[in-house]
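The sequence lines fix the lettering, A, B, ..., with proteins before strands; numbering per chain opens at 1.
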Protein chains: 2
Amino acid sequence: MAEQQRRRPGETREKLMNAALALVGKGRHFASLGIREITRQAGVVPTSFYRHFRSVDDLGLQLVDELGLVLRRMMREARANVLQADKLIEESVGIFVAHAQANRSFFLFMAQGLAGESRAVQEGIRSEMRFFASELANDLRRLRLADHLSDADLDLTCDLVVRTVAFSLTDLLSVSEDDDYQVGQVRKRTTRFLQMVFVGAAHWNSSSA
Amino acid sequence: MAEQQRRRPGETREKLMNAALALVGKGRHFASLGIREITRQAGVVPTSFYRHFRSVDDLGLQLVDELGLVLRRMMREARANVLQADKLIEESVGIFVAHAQANRSFFLFMAQGLAGESRAVQEGIRSEMRFFASELANDLRRLRLADHLSDADLDLTCDLVVRTVAFSLTDLLSVSEDDDYQVGQVRKRTTRFLQMVFVGAAHWNSSSA
DNA sequence: CACATAGGTGAACACTTGTACACATCACGA
DNA sequence: TCGTGATGTGTACAAGTGTTCACCTATGTG
């Protein structure tokens, strides 16, 4: 009936995922989204949803996959841009904040998913964080910045770093997107948190023996 | 019509709050709860809800208040039970884990609320965490355990501690309630996180000047 | 005792929800 | 060329939703 223009494959699928993200970005919680709501936002008929996803949770899982890509992009940029070791933390936090701002909805979704209602989404996000932490550990090892730490202690440190940053996400996402002052505050605070963690790591074995 | 037994005042109100908590404890996300669902679980007619709360978010706000009481009880117990300073961290984490297990639904609600959909609930929980951190700072000051730190740096430390513990909540709540091994793992890991933070705090000024 | 008030109840409303079914349209391989 | 499968659409329905209304009953204060 309504004219059906030729569609690039996967287009509606993208539209649906973006619609879910958009709603999350608008302040809704992912766990409270419904199929009809998402399709309405996407400008698509409800039935189409089932062509691509079995349920809202399923869509969530696929969002986690995309989130993985976003995180990898961020990591790549961080690796390319960290020039001097002494500004390493500051610059990394800066890159993180910039990405979080540029992909606000995505990171909002991530923060929500950590205590979300779908066990699978939760585990997916957790697993992305583990991956991130292990990559960080590799980098630190390669740069020989933590030679005095055992592998286990280095992992511990990186896990703590990732957690701290992840928690900062909730700070960052709860201030207005363009309140530069507040955003700066979060950045400074996060930087100091990480500095403290690294000071702890630097003195770890000598103090905990 | 249906016989109306004499009710202790506020009874239904409690029933409603407990019902919401029970649903959260069962794996539901607070943001996805509806009025009818809550009243059904409470064994009460939907209309009764409005006698006590204006909306689900309102109920959430009142839950945050109760959460405050739970946290205070926990703090009191921790203060009473910490015997030797050298086991301070270990014992505190133990008490925290015990309380989190005993009030699983409450802490689940807290973890969800941090990235929740109601701005007010979010701010309430955040504020409880700030209070907790400032009390912790007072204690450390009183015990003269952080004399070398400025007030601002002490606050920073305590904030980081509270965040770290709060994040552990998501670990703790995602493992089965009675999987003692996993729970023990979370406890050990959290303890080491905090030890690392405190090592960092101990060497803070000397390393960051 | 009378009465105001708080709290509990059932029926009804206008919507929204998830899901199923039948059908239309396109791209593409046999 | 003709299927055939993937993707889109419209309609339908039963069930669940938030909220309002009028009404009932227990309780405590004047």
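B/Phe49 has its CZ atom 15 Å from the C1' atom of C/dG7, to the nearest Å. Between the CZ atom of A/Arg13 and the C1' atom of D/dA6 there is a distance of 14 Å, given to the nearest Å.
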| task | Show the numbers, then the answer: is there a salt bridge (charged side-chain N to carboxylate O under 4.0 Å, His left out) between B/Glu135 and B/Arg76? | result | CA-CA 11 Å; B/Glu135 287 293 295; B/Arg76 199 170 329 127; over 6 Å; no
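DNA chain C is contacted by no residue of residues 16-31 of chain B, taking any non-hydrogen atom closer than 4.0 Å.
Note: B/Trp204 CH2 to B/Leu154 CG = 12.5 Å, rounded to the nearest 0.5 Å. For the atom pair A/Phe49 CZ and A/Thr39 OG1, the distance stands at 8.0 Å (nearest 0.5 Å).
Partners of A/Arg163 according to the side chain to side chain donor-acceptor pair (under 3.5 Å) rule, which considers only residues two or more places apart in sequence or in another chain, are A/Asp159, B/Asp171. Evaluation of the side chain to side chain donor-acceptor pair (under 3.5 Å) rule for B/Glu177 yields no partner, not counting sequence neighbours.
Checked against C/dG7, C/dT19, C/dT9, the side chain of B/Thr12 finds its nearest nucleotide in C/dG7. Counting only heavy atoms from C-beta on, B/His52 has its side chain closest to C/dG7 among C/dT9, C/dG7, C/dT19.
Residues B/Val165 and B/Leu194 come closest through the heavy atom pair CG2-CD1, 4.0 Å.
Residues in residues 88-146 of chain A take part in these ring-ring contact (aromatic ring centres under 6.0 Å, His included) pairs, two or more places apart or across chains: A/Phe30-A/Phe109. Sorted by first and then second residue, the salt bridge (Lys or Arg N to Asp or Glu O under 4.0 Å) pairs involving residues 57-67 of chain B (not counting sequence neighbours) form an empty list.
For D/dG10, neither phosphate oxygen OP1 nor OP2 lies less than 4.0 angstrom from any side-chain nitrogen or oxygen of A/Thr47.
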What nitrogen or oxygen pairs link the protein and nucleotides 14-18 of chain D at under 3.5 Å?
{"unit_1": "D/dT17", "atom_1": "OP2", "unit_2": "B/Arg40", "atom_2": "NH2", "d": "2.6"}
{"unit_1": "D/dG18", "atom_1": "OP1", "unit_2": "B/Ile35", "atom_2": "N", "d": "2.9"}
{"unit_1": "D/dG18", "atom_1": "OP2", "unit_2": "B/Ile35", "atom_2": "N", "d": "3.3"}
{"unit_1": "D/dG18", "atom_1": "OP2", "unit_2": "B/Arg36", "atom_2": "N", "d": "2.9"}
{"unit_1": "D/dG18", "atom_1": "N7", "unit_2": "B/Arg36", "atom_2": "NH1", "d": "2.3"}
{"unit_1": "D/dG18", "atom_1": "O6", "unit_2": "B/Arg36", "atom_2": "NH1", "d": "2.9"}

